[in-house]
Amino acid sequence: EVQFVESGGGLVQAGGSLRLSCVASGILIDEYAIGWFRQAPGKERVGVSCISSSDGSTYYADSVKGRFIISSDDAKNTVYLQMNSLKPEDTAVYYCAACRVLLQGTRADISHALDAWGQGTLVTVSS
């Protein structure tokens with residue numbers, strides 16, 4: 001059974017930073033691309049970032065490009081999301097899941113590849 005456990009969320013002021021962690025089980029992150037998704041109140045879940053640790057490729061939604069950094073540790077089967085220069089509009093529940101990317105020019109459309117989700121971790125950015 002594929003499972004993800006997210007952690008690291010919290011309350012932070014605008015301009016601050018947080019680092020999220022996602023521990024995967026039942027799936028090897030060096031065999032699947034793993035990404036971060038977020039769901040703001042009243043909105044749909046959207047892809048934020050995706051990493052393919054097999055070749056080191058990383059992808060970001062335009063809304064977080066230049067502020068967020070995704071990374072992975074194959075030995076720990078863990079994916080991280082370093083979030084810098086946080087904005088109130090980054091407030092959401094953040095989830096990790098297997099991901100796929102459709103490149104359209106310079107834009108990366110990130111979607112989930114498997115229907116397996118963690119419980120999520122809440123990030124709240126105050127203004």
(request) Using a strict cut-off of less than 4.0 Å between a Lys/Arg side-chain nitrogen and an Asp/Glu carboxylate oxygen, indicate whether Lys65 and Asp62 qualify as a salt bridge. (result)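 A salt bridge links Lys65 with Asp62.
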(request) Using the side-chain contact (heavy atoms from CB on, under 4.5 Å) rule, take Leu81 and Val64 through it: C-alpha gap first, then chi angles, then the decisive distance, then the call. (result) CA-CA 11 Å; Leu81 186 68; Val64 305; over 6 Å; no
(message) Please verify the inter-ring angle class for His112 with Phe37; under 30° counts as parallel, over 60° as perpendicular, anything in between as tilted.
(response)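 It falls in the perpendicular class, over 60°.
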I'd like to know whether [atom1] of [X] has more than 12 heavy-atom contacts from other residues, nucleotides or ligands below 6.0 angstrom.
| X | atom1 | answer |
| --- | --- | --- |
| Arg100 | CZ | no |
| Gln104 | CD | yes |
| Tyr32 | OH | no |

Would you give the length of the straight line joining atom [atom1] of [X] to atom [atom2] of [Y], rounded to the nearest 0.5 angstrom?
| X | Y | atom1 | atom2 | result |
| --- | --- | --- | --- | --- |
| Phe68 | Tyr60 | CZ | OH | 10.5 Å |
| Ile51 | Ile110 | CD1 | CD1 | 11.5 Å |
| Asp109 | Cys99 | CG | SG | 12.5 Å |
| Arg38 | Arg45 | CZ | CZ | 13.5 Å |
| Ile34 | Ser49 | CD1 | OG | 12.0 Å |
| Leu103 | Ser57 | CG | OG | 9.0 Å |

(request) May I ask you to test the Met83-Val123 pair for a side-chain heavy-atom distance under 4.5 Å? (result)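 Result yes, sub-4.5 Å side-chain heavy-atom pair found.
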(message) Hydrophobic clustering (ILVMFWY, side-chain heavy atoms < 4.5 Å, transitive) - are Leu102 and Val48 grouped together?
(response)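 No.
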(message) Tell me whether Ile29 shares a hydrophobic cluster with Ile69, the cluster being built from Ile, Leu, Val, Met, Phe, Trp, Tyr side chains joined at under 4.5 Å.
(response)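 Cluster IDs for Ile29 and Ile69 match.
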Backbone of [Y] reached by a side-chain donor or acceptor of [X] within 3.5 Å:
| X | Y | answer |
| --- | --- | --- |
| Thr91 | Val125 | yes |
| Asp30 | Ser53 | no |
| Glu6 | Leu20 | no |

